[in-house]
Amino acid sequence: MDKEAVEKPTINRAKFATSLGVLAATLGSAVGLGNIWKFPYLAGSNGGAAFLLVYIVCMLLIGIPVMVTELTLGRVARSNAIATMQKLAPKGQPWWLIGAAGVLSAFLIMAFYSEVAAWVFAYIIKAIQGGILSTDPEVTKSAFNGLVTDPTQSLIWQWIDLAIVGFIILLGVNKGIEGATKKLMPILLILLIVVGIRSITLPGAGEGLAFLFQPDFGKLTAASFLIAMGLAFFKLSVGMGTMITYGSYFRDDQDIPGTAFRVAFSDLAVSLLAGIAIFPAVFAFGYEPNAGPSLLFLTIPSVFASMPLGNVFMVIFFILTFIASIGAQISLVEVPVAFLEEKFHLSRKVASISTVVAIAVFGALAALSNSLLADVKLLGMTFFDLFDYTTSNILLPLGGLFIAIFISWVWGKKKITAALTNDGKLANTWIVNVLYGTLLVVTPILVTIVLLNGLKIIQ
Ligand code: PHE
């Protein structure tokens, strides 16, 4: 990359227009399916409040510092994930690989994530028609199996989801990303509170709250630490260039550390709210708090079927889950779109359509994991599970590790301080110092230990 390109800010590059827009878009990326189908269950089954504590530590020592790093690098370079690393790295050093791994991760995550979002969308329609509302496990199971084992339905719902996401992305950074998340986030919050109130006012709700909040340190295992760390990366959308890309749209006067803290804690609040919306109801009607797809698509319909006006609440629940998935998906898709637009000088339209089509083709591997490709396994996992596992537990932590090393060891304290204080305009030097120290030592060591342990390299 030549010197000219480094110093000349790209002209006419889009930026989020308002501070509220920045917050909505960034929080919109963090809040997603992770809050609803991953977080509450993982917290509950790994010791409730004990796991929450570990998660908060991961958030403070890993998630937030990496988020601050990504947003900062993106804002300084005002480029897509790959070009940002190219611009800011010393000549000849291959740090751009972090950006390239990010683009790859975006594809891998979108492949399975868009399929789950597709099921959620299908369930909105099914819930409105009333077909899935039943307390009979056979009925809910056959409704879900009917959907996921049917290759045609699996693909078509995924394409519908991708068309919606692609349309928002096509509208651009302001009208699309900022406009959509500014409208959707408040709606999501209101709907979640409505379902939450319904859930905790059910008789017998206390057991569900205990499942989520009662600390049980005995249930914390070594694996819980890998899970908490992987979750922190996945939840906060870091380690893969999403936040570099969004950072490149941040305003110059935006307080980056402040934004990262606000986003991380608001995201945690949404996860807890989701847990409060789900578990009291699950326990009140005597269901098992199981994980992932079966929690969302088998247990939830039965739970809602058990309560008065259940159908209305179920439609609301799936709508809010779909809304949550949209903000996350547009941030994932924006990573390759920004890259294609800038690298190959493609129009927004061409870049968006080709990315979405590529995801649809590649995503078929995940979409067909329960039907045509159910027997195709790599490392004992279907494509769907493989993409989920490798991104959360390997690619995102690796991305986070290298980016933390890059900013603190290569880029250096002087530049970090200038960028994070907005050239001395913000009085946050102590926060910057703490963040710098964390990124220099704590984050890399912690991520390395947990990664090696998770991969069974050290026990
Ligand atoms: N944070 C999103 C969620 O919790 C998922 C995501 C991961 C989005 C990585 C963007 C990048 O659902």
Any side-chain heavy-atom pair of [X] and [Y] under 4.5 Å:
X	Y	answer
Val173	Glu178	no
Ser392	Phe233	no
Asn370	Ser154	no
Val116	Phe384	yes
Phe362	Ile359	no
Thr18	Lys182	yes
Met240	Ile109	yes

Whether [X] side chain and [Y] backbone form a donor-acceptor pair below 3.5 Å:
X	Y	value
Ser248	Thr245	yes
Ser271	Phe39	no
Arg75	Gln254	yes
Thr443	Thr438	yes
Tyr246	Gly241	no
Trp95	Phe406	no
Ser369	Leu365	yes

For Val376 and Leu373, what are the C-alpha separation, side-chain angles and deciding distance, and is it a side chain to side chain contact (heavy atoms under 4.5 Å, CB included)? CA-CA 5 Å; Val376 183; Leu373 302 176; 4.0 Å; yes
Salt bridge (Lys or Arg N to Asp or Glu O under 4.0 Å) pairs, two or more places apart, involving [range]:
range	value
residues 34-47	Lys38-Asp388
residues 233-245	Lys235-Asp267
residues 250-260	Lys15-Asp252, Arg78-Asp252, Arg251-Asp253
residues 402-411	none

Could you go through residues 425-432 and list every donor-acceptor pair under 3.5 Å that involves a side-chain atom there, pairing it with any protein atom two or more places apart or in another chain?
| residue | atom | partner | partner atom | Å |
| --- | --- | --- | --- | --- |
| Lys425 | NZ | Asn422 | O | 3.3 |
| Asn428 | ND2 | Leu420 | O | 3.2 |

Parallel, tilted or perpendicular, as decided by the 30° and 60° cut-offs, for the rings of Phe261 and Phe265: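 Because their plane-to-plane angle is under 30°, the rings of Phe265 and Phe261 count as parallel.
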[atom1] ([X]) with more than 12 external heavy atoms under 6.0 Å:
X	atom1	value
Phe217	CZ	yes
Phe402	CZ	no
Gln214	CD	no

Evaluate side chain to side chain contact (heavy atoms under 4.5 Å, CB included) for Ile125 paired with Trp157, printing each intermediate quantity in order. CA-CA 11 Å; Ile125 312 292; Trp157 289 115; 3.9 Å; yes
Distance from [X] atom [atom1] to [Y] atom [atom2], nearest 0.5 Å?
X	Y	atom1	atom2	answer
Thr84	Glu342	OG1	CD	8.0 Å
Ile36	Ser325	CD1	OG	8.5 Å
Leu272	Leu192	CG	CG	10.5 Å
Lys413	Lys415	NZ	NZ	15.0 Å
Thr69	Ile405	OG1	CD1	11.5 Å
Tyr249	Asn174	OH	CG	10.0 Å

Derivation of the side chain to side chain contact (heavy atoms under 4.5 Å, CB included) call for Leu340 and Asn80: CA-CA 9 Å; Leu340 289 177; Asn80 63 79; over 6 Å; no
Locate the shortest heavy-atom distance separating Gln158 from Ala367; write the atom from each residue and the value.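 Looking at all heavy atoms of both residues, the closest pair is OE1-CB, 3.4 Å.
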Can you sort out the partners of Lys349 under side chain to side chain contact (heavy atoms under 4.5 Å, CB included), two or more places apart, ordered by chain and number?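 With sequence neighbours excluded, Lys349 shows a side chain to side chain contact (heavy atoms under 4.5 Å, CB included) to Leu170, Ser347, Ile353, given in chain and number order.
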Take Ile407 and Ile403 through the test side chain to side chain contact (heavy atoms under 4.5 Å, CB included) and record every step on the way to the result. CA-CA 6 Å; Ile407 197 163; Ile403 209 148; over 6 Å; no
Within the 3.5 Å criterion, strictly below it, is a donor on Gln329 or Ser114 matched to an acceptor on the partner's side chain?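 On atom types as modelled, these side chains do not qualify, holding no pair under 3.5 Å.
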Could I get the full list of side chain to side chain donor-acceptor pair (under 3.5 Å) partners for Glu115, not counting sequence neighbours?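 Here the qualifying residues are Trp119.
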Using the side chain to side chain donor-acceptor pair (under 3.5 Å) criterion, which residues pair with Ser331? Sequence neighbours excluded.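 Expected list: Ser29.
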Please list, chain by chain and in numerical order, all residues satisfying salt bridge (Lys or Arg N to Asp or Glu O under 4.0 Å) with Glu70, sequence neighbours excluded.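 Expected list: none.
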Residues that Arg348 engages under salt bridge (Lys or Arg N to Asp or Glu O under 4.0 Å), provided they are two or more places apart: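 Arg348 satisfies salt bridge (Lys or Arg N to Asp or Glu O under 4.0 Å) with Glu334, Glu341 only.
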Under 3.5 Å donor-acceptor pairs involving side-chain atoms of residues 43-59, not counting sequence neighbours:
| residue | atom | partner | partner atom | Å |
| --- | --- | --- | --- | --- |
| Ser45 | OG | Tyr41 | O | 2.9 |
| Asn46 | OD1 | Ser224 | OG | 3.1 |
| Asn46 | ND2 | Leu42 | O | 2.9 |

With Phe211 via ring-ring contact (aromatic ring centres under 6.0 Å, His included) - residues at least two apart: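 Partners of Phe211 under the ring-ring contact (aromatic ring centres under 6.0 Å, His included) test: Phe279, Phe283.
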Derivation of the ring pair (Phe, Tyr, Trp, His ring centres under 6.0 Å) call for Phe387 and Phe112: CA-CA 7 Å; Phe387 296 162; Phe112 72 89; 7.4 Å; no
